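Please read the structure below before turning to the comments.
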Amino acid sequence: MIDLKQLRENPQAFSDRLRRRGADFDLDRILELDAQQRQLEQQRSQLQARSNEIGALVGKKIKSGVAATDPEIQALKAEANDLKQQLSDLEPQERQLKEELERLLLTIPNPPSETTPIGRDETENVEVRRWGEEYKPSQPCQPHWDIATQLGLWDVERSVKVAQSRFVTLLGMGAALERALIQFMLDTHRDRGYVEVLPPLLVNSASLTGTGQLPKFAEESFRCADDDLWLIPTAEVPVTNLYRDEILAADQLPIYHCAYTPCFRREAGSYGKDTRGLIRLHQFNKVELVKFVHPETSAAEHEALVADAEFILQALKLPYRVIELCTGDLGFGAMKCYDLEVWLPAAGCYREISSCSNFGDFQARRAKIRFKGAKQKGTQFVHTLNGSGLAVGRTMAAILENYQQPDGTVRVPAVLQPYLKCSHIGGAKS
RNA sequence: GGAGAGGUGGCAGAGUGGUUGAAUGCGCUUGACUCGAAAUCAAGUUUAGGGUAACACCUAACGGGGGUUCGAAUCCCCCCCUCUCCGCCA
């Protein structure tokens, strides 16, 4: 959620920054509602002050022995009743204004950071760096779904029977590889200072609103309508909301969490895209990194978060590049975002495998996650950051393609061999 | 699913119509005493909105919403949540 006070004080700067996203937002309406609301509030609180005064006065008089039927008391009661009448007029008006204001505020995205490159769409994203040598085999490289089928790592047809298209069942070494990846990622992040959490996979609407998926992106999540519960689209939601409505002590920051969860996405509007393989599914596994930090450190924490995600790719020796998203491609709640894209040799291109965002105080404001120094007067919003560390299914796809051998087997990355207890998948060696 | 209990400040826990944003204890902060610490004493210690140069000050909030009343943490209605027991269940 944007800061209404900032908007009020400098609407032009605000809308300029927001416009970099490539769309216009009706900030005037918000300012108008805000002004009206505040005016009403002022009126209302004056009336209420007088009403409180009368209440206290009547109480005092009755206590000191004045009869309730005394004309003086009758007059005060009459005045209070009159005030009540006026208040019952004002209150619903103000509430309505507040609700509309809140509704509008929740639909405004986060203004991009000053450092975010300005651009229209993904074609204007900026490559920051590359790591590793792209694997370009002389003979045509098989796509990971063919490798997975040949090696018996998954079953697509039966998954459709059990659920629907875009669900996948991993089998045998396929399942084991996925599990090994999850464990490797979690172990690594834990060693690097993240506290592991295993959160609920169903969350309530308040949580989805806190992180920004609601109200605008309701159609992208699976919903259990009878219970006001939703399947999580990412661990970001339950983990960030762990601290919703809390005031943390300043010395509790920074908080680093890592979490493995399945993620559920309806992928509405993506029909026909990536229909084969492990790239785009309704359910996939992800290890997520989430940070809660002091605002002054968030830029540095963001870079460190990206490095932590990169570390996994480096450990797996998977070539990748780091892309900084331009303002036009930035997610709703992010003010700055780096994507990690892994090299997929079959397609000969890089594909997103991690997205590391700095949300500034945008989510904290929605979810009311604040902190307070020991001697500090007011509260401040924390900054939240998160990133995939990594998307597990896509990592498996990248391994299958980058590590396939001429004999049809897939070599197991060295760091995973202790987990899988073998050096190759498929053939006699597995 | 059935029965019961309960939701008050960082925590514990009073408060059943009157200046109670809320006793008391613990915790925390500051100060005094001390060479220092403990103990003791004193003061302070919720959040949000408005307001102010900054204070002052005003308003709201005792799970949420509505009602009764001049006045509600306290009375009435609806909803939500938590806990305990029983049933079912990994």
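Computed from a predicted model, the values in this text were never measured in an experiment. The analysis underlying the following values was restricted to heavy atoms, covering all of them including side chains, and did not include hydrogens, waters or symmetry mates. In the text below, chain A, chain B and the rest are named by the order of the sequence lines, each starting its count at 1.
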[atom1] of [X] versus [atom2] of [N]: gap in Å, rounded?
| X | N | atom1 | atom2 | answer |
| --- | --- | --- | --- | --- |
| A/Ile62 | B/G71 | CD1 | C1' | 9 Å |
| A/Arg50 | B/G71 | CZ | P | 13 Å |
| A/Arg44 | B/A61 | CZ | C1' | 12 Å |
| A/Asp228 | B/C80 | CG | P | 12 Å |
| A/Glu53 | B/U59 | CD | P | 9 Å |

TODO: Indicate whether any N or O donor in one side chain lies under 3.5 Å from an N or O acceptor in the other, for A/Thr149 and A/Asp146.
DONE: no
TODO: Compute whether any side-chain donor of one residue and acceptor of the other, for A/Asp308 and A/Tyr194, lie under 3.5 angstrom apart.
DONE: yes
Open item on the list: Taking side-chain contact (heavy atoms from CB on, under 4.5 Å) as the definition, give me every residue that meets it alongside A/Asp245, ordered by chain and number, with sequence neighbours left out.
Closed with: A/Lys368
- [ ] Could you list the residues that satisfy side-chain contact (heavy atoms from CB on, under 4.5 Å) with A/Phe222, not counting sequence neighbours?
- [x] A/Leu231, A/Phe264, A/Arg266, A/His282
- [ ] Would you check if A/Pro233 and A/Glu220 make a side-chain contact, meaning some heavy-atom pair closer than 4.5 Å?
- [x] no
- [ ] Indicate for each nucleotide in nucleotides 46-55 of chain B, in 5' to 3' sequence, whether protein heavy atoms under 4.0 Å reach the base (B), only the sugar-phosphate (S), or nothing (-).
- [x] SSSBSS---S
Task: Nearest-0.5 Å distance that lies between atom NE2 in A/His189 and atom OH in A/Tyr260 - done: 14.0 Å
Task: Interface residues of residues 77-87 of chain A with RNA chain B (non-hydrogen, below 4.0 angstrom) - done: A/Lys77, A/Ala80, A/Asn81, A/Lys84
TODO: Return the orientation label for the A/Tyr338 and A/His302 ring planes: parallel under 30°, perpendicular over 60°, tilted otherwise.
DONE: tilted
Open item on the list: As a quick check of understanding, evaluate side chain to side chain donor-acceptor pair (under 3.5 Å) for A/Thr384 and A/Gln363, giving each step before the final call.
Closed with: CA-CA 7 Å; A/Thr384 60; A/Gln363 290 183 324; 2.7 Å; yes
Please write out each protein N/O paired with an N/O of nucleotides 10-12 of chain B under 3.5 Å, distance rounded to 0.1 Å.
none

Open item on the list: Can you give me the dot-bracket string for RNA chain B, 5' to 3', counting Watson-Crick and G-U wobble pairs with both distances under 3.5 Å, using [ ] for crossing pairs and | for partners on another strand?
Closed with: ((((((((.[[[..)..(.....]]]((((((.......))))))(((((......))))).[[[[[..)....]]]]])))))))....
Open item on the list: Distance check, C1' atoms only: B/G15 and B/C62, in whole angstrom units.
Closed with: 11 Å
Task: Atom P, compared across B/A54 and B/G65: separation rounded to whole Å - done: 31 Å
Task: Short side-chain N/O contact from A/Asn52 to OP1 or OP2 of B/C58, under 4.0 Å - done: no
Task: B/G66 OP1/OP2 closer than 4.0 Å to side-chain N/O of A/Arg95 - done: yes
- [ ] Salt-bridge test for A/Arg29 and A/Glu32: reply yes if a basic N is under 4.0 Å from a carboxylate O, no otherwise.
- [x] yes
